[in-house]
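Only one structure is covered here, and it is reproduced in the block below.
One-based numbering, in listed order, for ligands and for the atoms of each.
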Amino acid sequence: TQKIRIGLVGYGNIGKGVELAIKQFKDMEGVAVFTRRNPADVDSNLPTVSIDDILDYKDAIDVLLLCGGSATDLPEQGPELAKHFSTIDSYDNHGKIPDYFASMDSSAKIGQNVSIISVGWDPGLFSINRALFEAVLPVGQTYTFWGKGLSQGHSDAIRRVTGVKKGVQYTVPLDKALEEVRTGLNPELSTREKHMRICYVVSEEGANQTEIEQTIKSMPNYFEPYETVVHFIDEEQFETDHQQMPHGGFVIRTGESETGSKQKAEFQLELESNPEFTSSILVAYARAAVKFKQEGKTGAFSVLDVPMAYLSDKSPEQLRKELL
Ligand code: NDP
């Protein structure tokens with residue numbers, strides 16, 4: 001059988017992760033990386049092609065994996081490309097997902113393509129578990145905790161502070177809150193009670209560390225609502241200990257069935273590399289896009305609309321035998 005032919009749009013952390021992940025999916029092959037930069041400057045083992053030439057590849061690609069950022073890349077590239085290709089993306093701006101869905105849906109329908117949006121772990125696998133737990137345990141409460149994990153946005157915010165040479169931020173769920181949730185106390189938790197933020201900073205020569213720490217801790221939205229700890233470390237330690245992008249978290253639902261029996265469902269992820277794991281999820285969903293398209297479906301879909309069996313390269317018969 002013919003392999004699923006994948007095109008990558010954008011070559012950042014997720015793009016690189018997708019290129020690597022495809023090696024583990026024997027039914028897939030990478031065709032090319034499409035980039036807005038000079039293709040010669042993009043260091044991939046796949047052919048690198050200017051995004052301006054992407055339409056030349058319409059017949060050579062089954063699914064495009066959109067690896068751009070959610071803030072500005074996907075809202076622009078997604079609806080344009082969905083007119084010409086079936087797509088998978090990891091759009092993660094939760095509040096704007098309905099708008100993004102609508103725009104992808106109309107583009108995909110114009111091109112008679114399939115676009116599966118907001119694929120990843122949150123949104124993505126976490127959303128699936130929130131939906132599943134809520135559906136099967138109607139009386140209860142669902143909690144999501146993130147971390148321990150590196151937050152790209154918060155790390156960027158630290159690096160913009162005067163006197164900061166290098167910096168990373170880890171979001172850490174608080175044990176006390178996790179315990180209260182797990183015991184079924186159904187606590188009302190404030191932002192500050194759920195997570196804390198731990199920062200590792202390399203300061204510029206002669207910079208005022210007290211001032212840097214104050215500036216970080218008082219940053220509205222980013223750090224002010226949280227308990228924030230700032231550690232100053234030297235550059236060597238930064239290079240050895242803080243080059244990975246770990247992440248993960250928990251979806252927990254506690255509730256009661258009719259007699260008052262306490263029930264708890266929990267899903268946990270512990271990831272050494274967030275982009276590598278997220279990319280692997282994107283690749284698996286390419287199978288679903290191909291199957292949907294074969295069935296004649298068109299338009300946008302989210303992870304909640306995709307049956308589990310469509311993610312697998314095994315047949316439904318085989319899955320029933322092995323995994324039910
Ligand atoms: P990056 O910033 O690494 O890459 C985004 C884009 O920037 C790339 O596609 C690339 O486009 C461009 N780019 C990358 N490196 C360079 C460079 N050196 N110089 C110039 N341009 C560059 O973002 P990530 O790959 O880390 O993340 C992408 C998105 O993935 C995030 O915005 C987030 O929305 C999503 N995500 C979702 C998750 C989920 O669970 N749903 C989890 C993790 C991430 P080009 O090649 O065209 O220049």
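- The shell of residues lying under 4.0 angstrom from ligand 1, judged by heavy atoms, includes V119.
- A distance-only check finds a donor-acceptor pair linking the side chain of N113 to the backbone of A82 [under 3.5 Å].
- Of all the heavy atoms of S90, the ones lying under 4.0 Å from any atom of ligand 1 are found in both the backbone and the side chain.
- Looking at I14 next to ligand 1, an N or O pair under 3.5 Å apart turns up.
- Put simply, the side chain of T240 gets close to the backbone of Q237: a donor and an acceptor are under 3.5 Å apart.
- Between Y91 and ligand 1, a contact under 3.5 Å exists for no N or O pair.
- Atom numbering of ligand 1 starts at 1 in the shown order; those under 4.0 Å from a heavy atom of G120 are 39 (C), 40 (O), 41 (N).
- Within the 4.0 Å cut-off (strictly below), a protein heavy atom is located near atom 30 (O) of ligand 1.
- The main-chain N or O of A21 is never found under 3.5 Å from a side-chain atom of S280 such that the two would form a donor-acceptor pair.
- Taking a cut-off of under 4.0 Å to the non-hydrogen atoms of D73, the atoms of ligand 1 that pass are 5 (C), 6 (C).
- Under the 4.0 Å criterion applied to side-chain N and carboxylate O atoms, K314 and E322 are assigned as salt-bridge partners.
- Any N or O atom pair closer than 3.5 Å counts here, and P123 shares at least one such pair with ligand 1.
- Comparing H247, R37, M245, Q77 by heavy-atom distance to atom 15 (N) of ligand 1, the nearest is R37.
- For CD of E295, the number of neighbouring non-hydrogen atoms (other residues, nucleotides, ligands) closer than 6.0 Å is greater than 12.
- A 6.0 Å sphere centred on CZ of F232 holds more than 12 heavy atoms belonging to other residues, nucleotides or ligands.
- Within 6.0 Å of CG on D59 lie no more than 12 heavy atoms contributed by other residues, nucleotides or ligands.
- Of the possible polar contacts, none joining the N186 side chain to the V181 backbone as a donor-acceptor pair under 3.5 Å is found.
- When the options D92, N274, V33 are ranked by their closest heavy atom to atom 43 (C) of ligand 1, first place goes to N274.
- For atom 12 (C) of ligand 1, the closest non-hydrogen atom of the protein is R36 NH2, 3.7 Å.
- Between T278 and ligand 1, a contact under 3.5 Å exists for no N or O pair.
- Of the protein's non-hydrogen atoms, T35 OG1, 2.7 Å is the one closest to atom 46 (O) of ligand 1.
- Put simply, part of G68 is less than 4.0 Å from ligand 1, judged by heavy atoms.
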